[in-house]
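Down below is the structure, laid out as structure tokens.
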Amino acid sequence: MTASPQTPTALPLASGARIRAELSGLARAHRARIAAAVVLLLISAACGLVLPRALGGLVDLASGAPSATWLVGDSGIGRVVVVVTAALVVGAALDVAGTILSAGAADRVIARLRERAIGAALRRRQLEIESAGSGDVVSRSSDDVAAVTTAVNTGVPALVGAGTGIVVTVIGMATVHWSFAVALLLVTVPVYGLAARRYLREAPPMYRAERAERARRAGVVLGAVRGAETVRAHLLADVLRPRLAAPSWRVARLDVLVQIANTRLFGGVNLAEFLGVATLLVTGFTLVDAGVVTLGEATTAVLFFLRLFDPIGRLIMTLDQLHSAAASLSRIVGMIDDDHPGGPDNDDDNDDNDSDDDNDADSPRATDAGSLRVHGLTAGYGARPVVVDIGFDVPAGATVALVGASGSGKSTIAGAVAGVREADAGTVTVGGLEVSALEGAERARVVALVAQEGFVFPGTVRSNLDLVSPGAGEAVLWSALGLVGLADWARGLPEQLDTELGPAGLEVSSVRAQQLALARVAVLDPLVIVLDEAASEASPQDAGVLDEAVDGVRRGRTTVMVAHRLDQARRADRILVVEEGRIVESGTHAGLLDSAGRYADLWDAATAGSAGGDRADYPRRS
């Protein structure tokens, strides 16, 4: 573990080029679907031109002018009704099919993007996530995903449909007479462009600022929810309310400014529509007067433009949604590691072949039985180191316990040893293999961390256990349950391993949840386990149950144990006393008591008043 770069204060934002590269890479697998959607929508848009053509022909027929369209000819309205009806039915069917295909492709792309973003967030340095705040990650995973999903579900099909409709209609107008298309483009495009340009200059920064304020607000809410008991106990509601109100008011203000920008945009659109109709009427009058086109053809051109109002309006509405989504996409894609850009071909979170690695010649299991070496470890939070120059060795299969007062740095050491916290300096190796060089599941198979609180995932007992090793056999699962003392409990369940747990099934106690977490580690079968006060939350009557579960999992494995209770530490092969980020004592339980140092003082404090109490059988120093 080498020195870390300067700690960021927020997760990064992705550039437009980065977003396009990511989306194009993900869309590559759906090219056929996207191409089919575009073709169907183009044909649907062409079918929509039949009605204006027919109405123009009827105008010519009624005025006695020779019809320029085969739709009408000299046969009257009968052919028109049949052809127009058929065109409308076919166009509607193709529009539905094209919209379904485009929406399906977009949904698949965004779903895969969301998976990659969450996976990348989990792989990011813990220090980055902590610096940005949990609100930023939650906001990117909820508000931003919701904005992108809304844009995908409504905006992308509208964008594709409107885009194809506009292109086909302008081409159709040019087939009537090129002057109509040129006049329309010369007059309306600049107005549309100026309105859109002003909107694009004003709206995106406001959308990005709004997303950032939402993230700050989410951080305050999450902190209040997690510390609800403290908030109530110390009557902190009045203190937290201004902290929540400030970002909330900024979000509301930015929402109003965005609506003002939208109103200006639609004002420009309405102006362009007015100028477009006026220009086409003048052009049509000039061409009809000169005998270049018929009255029916001029009518067709104007109807073509009137037909553009809906797709242009949808396109403008889509523009608003897409820029809201673009701000969100920059935050979502920003969570993806830039070392692995692109689509699924470059995805590094596919662990389908992980099981094939266990027997590789270079795997740690093939080269070493699990000895652990920590050398020169310095780690902390930001610029402030919490532990400095920590070093110790643990022979394969042995247990070392970290003890010390709260805040001394025990959990920081544990996180760095497990590889979930990046160190500022120093190395952690297992059998000579540096832990920081390992990725994801590979690292978990070498060194696994068990925290204070176990988590039960909604699902069966089996799915909770083989989550870490899909397809693990029943013998492995029952063996893991036996190690943590849950085998009899599981056999007594209605469906044993297939019993549902969680809100939809059997609710389990916190002790059972922690035992299941320890059983998951046994199924994973890592070389080294790090127990960060894994049994500290147990009540006195449950402490023995969890201690036995911990002993079962660590038996035969190299173990680093953060011990909240010294009766846990006394069973370790070696005890390290941590004080103010440094190891101040090292030795066995008996040896440290004999040395009458800091550990002995801690032991005396822990066993004070033990006579007749829960610790009556613990030896005290004389």
Side-chain angles (χ1 to χ4, degrees), residues 115 118-119 122 349-359 363 365 370 418 420 440-539 541-559 561:
E115 292 172 2
I118 296 300
L122 294 174
D349 56 6
N350 187 342
D351 298 320
D352 293 342
N353 298 321
D354 284 342
S355 60
D356 297 332
D357 297 336
D358 288 345
N359 296 321
S363 73
R365 289 188 187 279
V420 299
E442 182 186 6
R443 184 182 66 222
R445 290 197 309 273
V446 175
V447 54
L449 174 69
V450 183
Q452 293 182 25
E453 300 176 0
F455 185 76
V456 176
F457 295 89
T460 64
V461 176
R462 184 190 308 276
S463 66
N464 266 271
L465 295 179
D466 70 5
L467 179 70
V468 296
S469 182
E474 290 207 6
V476 174
L477 304 185
W478 283 111
S479 175
L481 289 171
L483 286 177
V484 300
L486 282 183
D488 291 340
W489 170 79
R491 289 191 181 93
L493 295 177
E495 298 179 56
Q496 296 192 354
L497 294 179
D498 295 315
T499 301
E500 286 285 333
L501 303 179
L506 176 68
E507 292 285 353
V508 299
S509 66
S510 59
V511 174
R512 289 277 185 264
Q514 189 69 323
Q515 286 176 287
L516 284 170
L518 290 166
R520 268 197 299 269
V521 173
V523 173
L524 181 63
D525 192 22
L527 292 170
V528 178
I529 58 173
V530 178
L531 304 172
D532 188 1
E533 300 186 352
S536 65
E537 298 298 321
S539 61
Q541 58 268 31
D542 293 325
V545 174
L546 281 184
D547 286 343
E548 289 180 6
V550 167
D551 289 344
V553 172
R554 71 182 180 87
R555 190 174 299 119
R557 290 188 178 89
T558 308
T559 304
M561 178 170 58

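Bear in mind that the values here come from a model prediction, so they are computed numbers and not experimental data.
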Who pairs with Arg491 by salt bridge (charged side-chain N to carboxylate O under 4.0 Å, His left out), at least two apart in sequence or on another chain?
Asp488
If you take all heavy atoms of [X] and [Y], which pair is closest and at what distance?
| X | Y | result |
| --- | --- | --- |
| Leu527 | Arg557 | O-CB, 4.1 Å |
| Val484 | Leu518 | CG1-CB, 3.8 Å |
| Ala549 | Gln515 | CB-CG, 4.2 Å |
| Ala480 | Ala519 | CB-O, 3.5 Å |
| Pro526 | Val521 | CD-O, 3.2 Å |

Test side-chain contact (heavy atoms from CB on, under 4.5 Å) applied to Ile529 and Thr558, Thr559, Leu524, the passing residue
Thr559
Residues forming a side chain to side chain donor-acceptor pair (under 3.5 Å) with Thr499, sequence neighbours excluded:
none
Could you work out, with side chain to side chain donor-acceptor pair (under 3.5 Å) as the rule, every residue matching Arg462, not counting sequence neighbours?
Glu474, Asp498
Applying side-chain contact (heavy atoms from CB on, under 4.5 Å), run through Leu531 and Val550 and close with a yes or a no.
CA-CA 8 Å; Leu531 304 172; Val550 167; 3.3 Å; yes
Residue pairs involving residues 475-485 (criterion salt bridge (charged side-chain N to carboxylate O under 4.0 Å, His left out); sequence neighbours excluded)
none
In this structure, CG of Leu493 is separated from OG1 of Thr460 (nearest 0.5 Å) by 11.0 Å
Can you tell if the side chain of Leu477 reaches within under 4.5 Å of the side chain of Leu497, non-hydrogen atoms only?
yes
Give a yes or no answer on whether the side chain of Gln496 reaches the backbone of Ala490 with a donor-acceptor pair at less than 3.5 Å.
no
